[in-house]
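These figures come from a predicted structure and were not determined experimentally. Position 1 is the first residue of the sequence; numbering continues from there.
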Amino acid sequence: MPGVEPTFSLLLVCPDRKGIVAAVAGFLSDHDASIVEAKQFNDQLTRRFYMRAVFTAVGPKFLSLEKLRTEFALLANTYDMSWQIEDTARRVRVLIAVSKLDHCLQDLLFRWRSGVLPVEVVGVVSNHPDLRSLVEWHQIPFHHLPVKTETRPEQEAALLELFSSYEADLLVLARYMQILSNEMCRALSGRCINIHHSFLPSFKGARPYHQAYARGVKIIGATAHYVTADLDEGPIIEQAVERVGHEHTPERFQEIGRDLEAIVLARAVRWHAERRILLDGQRSVILS
């Protein structure tokens with residue numbers, strides 16, 4: 001838009017110590033950058049510091065993005081930071097994986113087409129052909145990659161090749177009912193979000209609603225998390241719950257849960273796309 005300055009986002013995490021905010025603000029000011037949004041969190045238990053800043057270029061000293069990154073790296077080394085600086089105009093490119101259930105896929109595509117989910121959906125991959133017509137109606141490429149135990153390595157290699165060829169930034173498992181191999185999880189570390197139809201860490205693995213019913217729970221939930229080699233134990237991004245009663249069947253649990261799954265997954269993808277999530281070991285911190 002004419003008259004709108006380009007904006008950039010900075011995410012960082014480091015050991016907590018005096019002067020971090022002043023150093024970052026001073027660096028940006030010295031490079032003719034003006035902070036328009038900032039959020040930080042000091043974890044008093046772990047002594048870790050987390051920060052997100054959005055800034056604009058306001059003068060001739062502002063360097064190119066690559067040069068700015070190069071110079072910021074010097075400051076980051078001083079404070080032992082893990083960090084990233086991104087152009088907010090660049091939308092995260094998302095490849096979606098799904099099996100047969102379409103509620104999360106439908107919700108993501110609706111939000112994307114409506115302009116409320118700031119991503120670029122580049123394709124959909126599935127181990128079943130059932131959702132081809134839905135995906136192609138949205139004018140998105142659909143890729144059917146069937147998988148059996150004996151063909152899993154080849155299927156995952158094909159999925160990774162699609163991810164690379166689309167120059168995707170994020171793989172979203174929108175009820176993709178396959179367990180990724182350890183190699184696949186490592187290849188997509190920090191770049192793969194799953195929706196689990198349960199309130200983790202309870203009821204991991206298959207048929208969590210039936211597990212919850214058997215335990216007589218009073219609430220059910222959904223959890224969006226980053227995928228790791230440890231099944232359903234990756235850093236949690238977002239969760240939501242709904243009350244249930246003894247009169248509810250496992251099938252009713254599933255109906256209630258699907259609404260939660262769609263909402264929770266959309267929030268997680270949005271926060272990732274807006275670069276609000278800081279990963280630190282097994283934990284995620286959301287600066288919203």
Side-chain angles (χ1 to χ4, degrees), residues 1-13 24 27-28 31-40 50-73 75-76 81-97 108-125 138-141 159-174 187-193 224 226-227 235 237-238 265-279 284-288:
M1 293 177 61
V4 176
E5 297 289 346
T7 61
F8 307 87
S9 65
L10 164 66
L11 278 177
L12 67 88
V13 56
V24 171
F27 173 89
L28 294 175
H31 291 81
D32 278 348
S34 176
I35 297 175
V36 296
E37 180 184 343
K39 186 76 176 279
Q40 62 251 9
Y50 306 84
M51 182 177 182
R52 177 180 184 266
V54 179
F55 57 91
T56 62
V58 294
K61 293 181 182 178
F62 189 86
L63 306 171
S64 69
L65 181 56
E66 287 306 315
K67 289 183 179 178
L68 190 73
R69 286 170 174 159
T70 299
E71 295 207 6
F72 187 82
L75 173 66
M81 295 177 181
S82 296
W83 61 278
Q84 64 181 80
I85 298 176
E86 302 291 344
D87 184 345
T88 60
R90 182 187 176 278
R91 293 203 163 196
V92 168
R93 296 173 61 82
V94 173
L95 180 66
I96 301 174
L108 290 173
L109 295 182
F110 172 77
R111 293 172 189 269
W112 167 63
R113 288 179 64 90
S114 300
V116 298
L117 189 63
V119 301
E120 187 63 37
V121 177
V122 297
V124 174
V125 60
H138 283 276
Q139 299 181 329
I140 302 169
L159 202 163
L160 281 175
E161 176 58 32
L162 281 175
F163 189 85
S164 175
S165 66
Y166 279 121
E167 298 182 330
D169 305 296
L170 180 68
L171 177 66
V172 176
L173 307 183
L188 296 173
S189 177
R191 299 185 295 163
C192 184
I193 292 176
Y226 286 105
V227 172
I237 305 169
E238 174 64 332
L265 182 59
R267 287 176 185 163
V269 173
R270 182 181 186 89
W271 291 340
H272 182 98
E274 293 178 343
R275 301 171 179 90
R276 296 183 181 275
I277 306 173
L278 281 157
L279 285 174
S284 69
V285 172
I286 317 298
L287 296 180
S288 59

Counting N and O atoms only, with roles assigned by atom type, does the side chain of [X] sit under 3.5 Å from a partner on the main chain of [Y], one being a donor and the other an acceptor?
{"X": "Lys39", "Y": "Ser288", "value": "yes"}
{"X": "Arg275", "Y": "Trp271", "value": "no"}
{"X": "Thr70", "Y": "Glu66", "value": "yes"}
{"X": "Ser284", "Y": "Leu278", "value": "no"}
{"X": "Asp169", "Y": "Arg93", "value": "yes"}

Side chains of Thr56 and Ser34, donor plus acceptor under 3.5 Å |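 Distance-only check fails for Thr56 and Ser34.
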
[X] [atom1] to [Y] [atom2] distance, which is reported to the nearest 0.5 Å:
{"X": "Ile277", "Y": "Ile237", "atom1": "CD1", "atom2": "CD1", "result": "4.5 Å"}
{"X": "Ser9", "Y": "Leu287", "atom1": "OG", "atom2": "CG", "result": "11.5 Å"}
{"X": "His138", "Y": "Leu108", "atom1": "NE2", "atom2": "CG", "result": "10.5 Å"}
{"X": "Ile286", "Y": "Arg52", "atom1": "CD1", "atom2": "CZ", "result": "11.0 Å"}
{"X": "Ile85", "Y": "Arg69", "atom1": "CD1", "atom2": "CZ", "result": "7.0 Å"}
{"X": "Tyr50", "Y": "Ser82", "atom1": "OH", "atom2": "OG", "result": "10.0 Å"}

With a 4.5 Å heavy-atom cut-off, do Val124 and Pro141 have their side chains touching?
->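 No, their side chains stay 4.5 Å or more apart.
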
Side-chain heavy atoms of His31 within contact of Leu68, under 4.5 Å =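 When only atoms from C-beta onward are counted, Leu68 and His31 do touch, with a gap below 4.5 Å.
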
So which atom in [X] and which in [Y] form the shortest heavy-atom distance, rounded to 0.1 Å?
{"X": "Ile193", "Y": "Ala224", "value": "CG2-CB, 4.5 Å"}
{"X": "Val122", "Y": "Ala168", "value": "CG2-CB, 4.5 Å"}
{"X": "Gly123", "Y": "Ile140", "value": "CA-CG2, 3.5 Å"}
{"X": "Leu188", "Y": "Leu171", "value": "CD1-CD2, 3.5 Å"}

Taking ring-ring contact (aromatic ring centres under 6.0 Å, His included) as the definition, give me every residue that meets it alongside [X], ordered by chain and number, with sequence neighbours left out.
{"X": "Phe72", "value": "Phe27, Trp83"}
{"X": "Phe55", "value": "Phe8"}
{"X": "Tyr226", "value": "His272"}

With sequence neighbours left out, what residues match Glu161 under side chain to side chain contact (heavy atoms under 4.5 Å, CB included)?
->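 Glu161 satisfies side chain to side chain contact (heavy atoms under 4.5 Å, CB included) with Ser165 only.
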
Show every donor-acceptor pair shorter than 3.5 Å between a side-chain atom in residues 109-119 and any protein atom, with sequence neighbours excluded, or say none if there are none.
unit_1 : atom_1 : unit_2 : atom_2 : d
Arg111 : NE     : Asp107 : OD1    : 3.3
Arg111 : NE     : Asp107 : OD2    : 2.6
Trp112 : NE1    : Val119 : O      : 3.4
Ser114 : OG     : Phe110 : O      : 2.7

What do the steps show when you test Val54 against Ile35 for side chain to side chain contact (heavy atoms under 4.5 Å, CB included), and what is the final call?
-> CA-CA 6 Å; Val54 179; Ile35 297 175; over 6 Å; no

Worked verdict on Leu170 versus Leu95 for side chain to side chain contact (heavy atoms under 4.5 Å, CB included) = CA-CA 6 Å; Leu170 180 68; Leu95 180 66; over 6 Å; no

Would Arg270 and Glu274 pass as an ion pair if we require N to O under 4.0 Å?
->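 A salt bridge links Arg270 with Glu274.
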
Under the salt bridge (Lys or Arg N to Asp or Glu O under 4.0 Å) test, which residues partner Glu238, sequence neighbours left out?
->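 Glu238 satisfies salt bridge (Lys or Arg N to Asp or Glu O under 4.0 Å) with Arg267 once adjacent residues are dropped.
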
After noting the C-alpha distance and the side-chain angles of Phe62 and Val58, does the key distance pass the side chain to side chain contact (heavy atoms under 4.5 Å, CB included) rule?
-> CA-CA 7 Å; Phe62 189 86; Val58 294; over 6 Å; no

